[in-house]
Number of protein chains: 2
Amino acid sequence: MTVTKIKNMEEFAAVSGLSRPTISKFFNDPQSVRPSTRTRIEEALERFDYRPNIYAVNQNRQLTKTIGIVVPYLADPFFAEIARNIETRCIEEGYSPSLFSSHGRQEQENDILETLRSMKPAGVLIAPLGRISDKAFIERFCKDVPTVLFDSKLEDVGQVFIGSDNMQFTSMMVEYLNRSGDAPCFFEMKTPTNPNARKRRQAYIEAMKRLGHQPKIVQVDGVGWDFEEIGHRGGLEALNNDRFETSTVLCSNDRLAIGFLAACYQKGVRVGLKENCHLRVAGHDNHPFSKFTCPSLTTVSQDYAAISEKSVRMLFDLIASETSDSAHKDTLFEGKLVMRDSA
Amino acid sequence: MTVTKIKNMEEFAAVSGLSRPTISKFFNDPQSVRPSTRTRIEEALERFDYRPNIYAVNQNRQLTKTIGIVVPYLADPFFAEIARNIETRCIEEGYSPSLFSSHGRQEQENDILETLRSMKPAGVLIAPLGRISDKAFIERFCKDVPTVLFDSKLEDVGQVFIGSDNMQFTSMMVEYLNRSGDAPCFFEMKTPTNPNARKRRQAYIEAMKRLGHQPKIVQVDGVGWDFEEIGHRGGLEALNNDRFETSTVLCSNDRLAIGFLAACYQKGVRVGLKENCHLRVAGHDNHPFSKFTCPSLTTVSQDYAAISEKSVRMLFDLIASETSDSAHKDTLFEGKLVMRDSA
DNA sequence: GGCAAATATTTACGCGCGTAAAAAAACTAT
DNA sequence: ATAGTTTTTTTACGCGCGTAAATATTTGCC
């Protein structure tokens, strides 16, 4: 590396012996210049490490190379994991991902979208807060910016949604639990933030009826995203008051199940399949930590990789197509039964 | 809101009946214009929702209002939590935080710093990967950009470090465990990524000697950030081979402990303080999930809020001071014993 | 070697805003 | 009302780069 500091494209063009427009073309698309030219530029890059000023670049672009990623709650390893996958894929495609978390608050979600709008991103991937999202606000955003919604569907918002087939998730699990023991109760929050939760409840009810059982739903209080806490407190309360009519509990999601398992442990309720166990417990999502609960949690796995991959691909399709064909495209992935020790 | 679309500051100046330089001053610092003027602009803002083009703004600023936040592994709720705190504080101060995760890879950490450098941020908060960080690279970065290191200290790098007093953490816990039962073994990874782990080991050894005990360290294989997995696998192996010489195990961190507790459960080893228990287990960090392990985990709590708060304040001091006084300032926070059921 | 096609250069303008300097206007206080 | 101070306006330049058009050069091909 040389001592010379290159401070703009003009100077870099000089040291590489080319003209500025050629350098500009190169940075927009290396393939657009002749191989020999490309080599010369790359050699110069080795010697002088220059990078175009991103602000100057983006100012003159109607469309930047930024991809916005918005998740509702980053402290949930599920979203952290999805975000990681998406980030990686975006980088591979030559885009710069920018990650945001709404931290469970509508106001923040809207602020993020405002910020994003001013960033003129090529596209945005958003997992909305759900029930408490400002639907109209997000809808307007989707009209202006190519946006893919994932995880949490908002009816009639956006052109593309990628998520899980919650009906299939829950049906499969209810059937499994039913044929391997008694029919499950359903353990959930009274007012879940996430629309997936509502689908799961519905699927539970339908599956139970189909199997000739009376649905038995145990709802607990609590708002926000501290699902473990809610599952724990609500679980204790439900156990204390004998609210579970069968010896099998299907939790609306794994985080709730983690809290519930803690409650069981505390109450001395043995969970699992073994002879001396009182209760079977299952969840949904295959949360990264569900393998390490006590006992390890039987659950339905979301296909993280597939959801991330498909979301990104659909976004790039959307960007490429340009046409605002208002055909709503939904993609739902099926889950796989992950059988562990808890049920 | 009116139908008129404002597309630049010129137009916005027109509709608000002021000149562009005044509008420019306002956006740089609302306090710098006369109150009556400020009111007029704010009224116009209500009617026309205009935001300055961030790229044009930043191009002409030597220093942007961006704050970079870099964490080693975002899927760890500990870092997610810290990041959330820091983000919030930055926004309160009128800055735009930009969050990045190194995902446990040196290459990615360096890439992020490269990207950040080109973003001309006002300052950067980074929790380095630790052992596998490219020290020289980070050191160079710190020279160019006001940077606060937190969580994981790299010797002689950067001017400011904020973290926990690992010596105090471990000493306190070892003393507690010793006086409430037998002396603990220390359970850790053979080659930990994080320097905190090394400090904790050292503190363990010293504390044990001070108390007249022989240190008993149980090390397990494994690399990367899947601590639960490593703790689980290593824990099973250690239990199978009777590697714990006492009935108390102090884990280097809570995530390792979570995996270890799962191993104990699986092996039928009862953990806790009660009469019929075989083992006591403790951890470090007060990980968000440690309250929900089975049994709930006794640990030393990091002061998340204090670390975040102090890191941000120190960064703003650094930005304000401008002077590159090379005085290294370290701030270490003490931990508090969190007594739960596991020890 | 000559010709068409592909690529690079020259020249020039514009993006949206920061910012400096001088002039004008609006306040403040007496 | 007047002088003095603060604020705003006018004017103008520059930031680093995208990009268009006309021109010049290189390349591939027979």
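Labels below follow one simple rule: chain letters A, B, ... track the order of the sequence lines, proteins then strands, and each chain is numbered from 1. Just so it is clear, the model here is predicted, and its values are computed rather than measured.
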*Asks:* Counting only non-hydrogen atoms, which of residues 112-123 of chain A are less than 4.0 Å from DNA chain D?
*Replies:*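 Contacting residues: none.
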*Asks:* Walk along nucleotides 6-11 of chain D from 5' to 3' and tag each nucleotide B, S or - by protein heavy-atom contact under 4.0 Å, base first, then sugar-phosphate.
*Replies:* -SSBBB
*Asks:* Below 4.0 angstrom, N of the basic side chain to O of the carboxylate: do R89(A) and E92(A) qualify?
*Replies:*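 Salt bridge present between R89(A) and E92(A).
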*Asks:* Answer yes if the side chains of E109(A) and H103(A) hold a donor-acceptor pair under 3.5 Å, and no otherwise.
*Replies:*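 No, no side-chain donor-acceptor contact under 3.5 Å.
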*Asks:* So, for R38(A) and V33(A), which heavy atoms are closest and what is the spacing to 0.1 Å?
*Replies:*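 Minimum heavy-atom contact is NH2-O, 3.2 Å.
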*Asks:* Would you indicate what N28(B) reaches in the nucleic acid, counting non-hydrogen atoms under 4.0 angstrom: base, sugar-phosphate, or nothing?
*Replies:*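 It contacts sugar-phosphate atoms only.
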*Asks:* Between F12(B) and F27(B), how do the two ring planes meet: parallel, tilted or perpendicular, split at 30° and 60°?
*Replies:*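 The rings of F12(B) and F27(B) sit tilted, inter-plane angle from 30° to 60°.
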*Asks:* Using modelled atom types only, decide if a donor and an acceptor are shared between the side chain of S102(A) and the backbone of G104(A) within a distance under 3.5 Å.
*Replies:*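 Not at all, since once roles are kept as given, no pair shorter than 3.5 Å links the two residues.
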*Asks:* Base, sugar-phosphate or nothing for Y50(B)? Non-hydrogen atoms, less than 4.0 Å.
*Replies:*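 Sugar-phosphate, backbone atoms only, no base.
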*Asks:* Are Y73(B) and F78(B), when compared by the centres of their aromatic rings, separated by less than 6.0 Å?
*Replies:*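 Distance test on ring centres: not under 6.0 Å, no.
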*Asks:* Got more than 12 heavy atoms from elsewhere within 6.0 Å of NZ, K7(A)?
*Replies:*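 Atom NZ in K7(A) is not packed in, count stays at 12 or less.
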*Asks:* Tell me if a side-chain donor or acceptor on T39(A) pairs with a main-chain N or O of P35(A) at a distance below 3.5 Å.
*Replies:*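 Indeed, once roles are kept as given, a pair shorter than 3.5 Å links the two residues.
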*Asks:* Using 4.0 Å as the upper bound for N to carboxylate O, is an ion pair formed by K135(A) and E139(A)?
*Replies:*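 Looking at K135(A) together with E139(A), the answer is no, because their closest N to O distance does not fall below 4.0 Å.
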*Asks:* For R61(A) and for A56(B), locate the closest nucleotide of DNA chain D by heavy-atom distance; then report the residue assigned to the nucleotide nearer the 5' terminus.
*Replies:*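 This one resolves to A56(B).
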*Asks:* Going 5' to 3' along DNA chain C, which are the first and last nucleotides with any atom under 4.0 Å from a heavy atom of chain B?
*Replies:*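 Listed 5' to 3', the contact boundaries are dG16(C) to dC27(C).
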*Asks:* Could you label the plane-to-plane angle of the Y55(B) and Y55(A) rings as parallel, tilted or perpendicular, counting under 30° as parallel and over 60° as perpendicular?
*Replies:*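 Ring orientation of Y55(B) relative to Y55(A): tilted.
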